[in-house]
Amino acid sequence: MKPTFIRIALACVLAAIATGPAQSAGPTYVQGRNIFIETGVEAPDRSPTWYAPMVARPYAPTFEMLATRGTQGRYLAYTYPVTLKDMIRFHGHDCEGTTHVANAAWVAFKILFPDGIIDRSVLAGITGDSPCWSDGVAFLTGARVQYGNLGFFRDKRYSHAIILYREDTQVAVLATWKEGINNIPGEPVMLPGKITWHPKITMKEVEALKAVVKSAGGKPTPYQVDLMRYQQWVHINDILEHPLTDSYSAQIIPNFKWADWADPNKSVGHPIERSDTRLKNYPYRQRPIDSGP
C-alpha cells in the first residue's frame with residue numbers, strides 16, 4: 001500500500017473521530033474536546049535489570065494506556081505507562097519476540113491513535129502462534145481469546161506480524177519487521193521495506209544457529225545454546241539504538257474483515273460477551289455529593 005493511501009485513510013479516520021458521538025458505537029472520544037485525559041503523570045519504568053536490560057535503550061518503546069475504573073467503571077482521566085519491562089514481567093521471561101511485537105505495535109499505534117493515548121477498550125488483535133507474540137498483543141490491547149477479539153493468522157507467512165484493529169473506527173493496521181532484522185528461517189517478510197542500517201550480527205548468522213538449536217531433532221551443544229541467547233541479546237539492543245520506523249513497517253488494511261485473516265479453528269466457538277467496559281461512557285451524578293437513586 002502506498003504512503004499516500006495511508007495518509008488519506010488516516011485523514012478519513014481523524015475526520016470521523018472529530019465528528020463522531022462520544023459513545024461506544026462511534027469513535028469513543030476526542031482528546032481535549034469531549035474528554036480531558038492527563039498523560040505523562042507517571043514516569044515509565046526504564047531502569048535496566050537483568051531480565052529487561054534493553055529497556056533503557058534510546059528507542060525502547062513506551063506506551064500511554066487508557067483504561068476504565070474498576071470492573072464496570074467509567075473511563076479514567078489519566079493514562080498509565082507501559083514499557084518492555086512490564087511486558088516481560090507479564091510474559092514470564094525476556095525473549096526477542098516480546099521486544100519485536102512491542103516495536104511493531106508501537107508503529108501500528110502511531111496510525112491507530114494519533115494522539116498517543118491507547119484505548120484498551122476498543123482494541124482487537126491477530127497474531128501468530130508464538131506465545132511471545134500472542135502475549136504481547138494480549139497485554140497491549142486487552143484482547144482475549146474468550147472474548148473473540150484475539151485471533152491467530154490463517155496464513156502462516158504472517159506468523160511474525162500482527163494486526164491491531166480499532167473497533168470504534170473500524171481501522172485495522174498490519175505491522176511487522178522490515179527485511180534485514182527478520183530472522184526466522186524460511187519465513188518471508190510480509191510488507192515492503194528494508195533496513196538501511198547495518199546490524200552487528202547478520203540475520204544469516206542468527207538463522208543458521210536457530211536452524212540447529214530450534215529445529216526438530218536438533219542437537220545443539222551447550223555452547224550453541226548460550227551463543228543463541230547472546231545473539232538475540234545483541235540483536236534486540238542493536239535494533240533499539242535506531243528509530244523504530246527504521247526497522248518496522250505498518251499499513252492500514254482496506255476493507256478489513258476479521259474472517260479473512262483469523263483462523264476459525266483457533267477461536268472459541270461461543271465467545272463470552274465482554275462486560276467490563278460497557279459502562280465506560282456512563283453519565284455522572286448531577287452533583288459530586290448525591291445520595292439519590
Considering only heavy atoms from C-beta outward, does the side chain of [X] approach that of [Y] to under 4.5 Å?
X: Val101; Y: Met87; value: yes
X: Asn182; Y: Glu187; value: no
X: Asn149; Y: Thr141; value: no
X: Tyr165; Y: Ile253; value: no
X: Glu273; Y: Tyr147; value: no
X: Phe63; Y: Thr79; value: no
X: Pro61; Y: Leu84; value: yes
X: Gln232; Y: Ile236; value: no

So how far is it from [X] [atom1] to [Y] [atom2], rounded to the nearest 0.5 Å?
X: Asn265; Y: Arg154; atom1: CG; atom2: CZ; result: 8.0 Å
X: Trp177; Y: His100; atom1: CH2; atom2: NE2; result: 5.0 Å
X: Leu66; Y: Asp119; atom1: CG; atom2: CG; result: 5.0 Å
X: His242; Y: His198; atom1: NE2; atom2: NE2; result: 10.0 Å
X: Ile117; Y: Tyr78; atom1: CD1; atom2: OH; result: 13.0 Å
X: Lys178; Y: Ile195; atom1: NZ; atom2: CD1; result: 9.0 Å

Distance-minimising heavy-atom pair for [X] and [Y]:
X: Trp50; Y: Pro53; value: O-CD, 3.8 Å
X: Gly148; Y: Pro271; value: N-CB, 3.9 Å
X: Gly125; Y: Val137; value: CA-CG1, 4.0 Å
X: Ser249; Y: Pro192; value: OG-O, 3.4 Å
X: Tyr80; Y: Ala67; value: CE2-CB, 3.9 Å
X: Leu140; Y: Ile118; value: O-CG2, 4.3 Å

Under the rule for side-chain contact (heavy atoms from CB on, under 4.5 Å), what residues qualify as partners of [X], not counting sequence neighbours?
X: Tyr284; answer: Arg74
X: Asp226; answer: none
X: Asp86; answer: Val82, Thr83, Arg89, Phe139
X: Pro243; answer: Tyr59, Thr245, Asp246

(request) Quick one: do His91 and Cys132 satisfy side-chain contact (heavy atoms from CB on, under 4.5 Å)? Show the steps, please. (result) CA-CA 7 Å; His91 179 53; Cys132 314; 3.7 Å; yes
For the pair [X] (side chain) and [Y] (backbone), establish whether a donor and an acceptor sit closer than 3.5 Å, ignoring hydrogens and angles.
X: Asn255; Y: Lys257; answer: no
X: Thr202; Y: Glu205; answer: yes
X: Arg69; Y: Ala77; answer: no

(request) Go through the structure and list residues passing side-chain hydrogen bond (donor to acceptor under 3.5 Å, both in side chains) with Arg46, not counting sequence neighbours. (result) Thr62
(request) Please identify each residue that fulfils side-chain hydrogen bond (donor to acceptor under 3.5 Å, both in side chains) with Trp197, with sequence neighbours left out. (result) Ser247
Going by the rule salt bridge (Lys or Arg N to Asp or Glu O under 4.0 Å), which residues pair with [X] if we only count those two or more places apart in sequence or in a different chain?
X: Asp129; result: Lys156, Lys266
X: Arg144; result: none
X: Lys194; result: none

(request) Quick one: do Lys210 and Ile184 satisfy side-chain contact (heavy atoms from CB on, under 4.5 Å)? Show the steps, please. (result) CA-CA 8 Å; Lys210 281 186 175 182; Ile184 304 299; 3.9 Å; yes
(message) Please say yes or no: joined through hydrophobic side-chain contacts below 4.5 Å, possibly via intermediate residues, are Val41 and Met65 part of one cluster?
(response) no
(request) Find out if a path of hydrophobic residues (ILVMFWY) with successive side-chain heavy-atom gaps under 4.5 Å connects Ile35 to Leu76. (result) no
Residues clustering with [X] (ILVMFWY side chains joined when closer than 4.5 Å, directly or via others):
X: Val206; result: Ile201, Met203, Tyr230, Trp233, Val234
X: Tyr223; result: Leu209, Val213, Leu227, Met228
X: Val212; result: none

(request) Apply side chain to side chain donor-acceptor pair (under 3.5 Å) to Asn183 and Gln231, showing your working. (result) CA-CA 11 Å; Asn183 56 28; Gln231 288 182 347; over 6 Å; no
(message) Taking the basic N atoms (NZ, or NE/NH1/NH2) and the acidic carboxylate oxygens, is any pair closer than 4.0 Å for Glu241 and Lys200?
(response) no
(request) Would you sort out whether Leu112 and Leu164 count as a side-chain contact (heavy atoms from CB on, under 4.5 Å), showing the intermediate values? (result) CA-CA 8 Å; Leu112 289 170; Leu164 300 184; 3.6 Å; yes
(message) Using 30° and 60° as the class boundaries, would you call the ring planes of Phe113 and Phe109 parallel, tilted or perpendicular?
(response) tilted
(message) Name the residue from Thr176, Ile181, Leu191 that meets the side chain to side chain contact (heavy atoms under 4.5 Å, CB included) definition with Tyr248.
(response) Ile181
(request) Take Val145 and Phe152 through the side-chain contact (heavy atoms from CB on, under 4.5 Å) test and state the conclusion after the steps. (result) CA-CA 9 Å; Val145 172; Phe152 300 89; 4.0 Å; yes
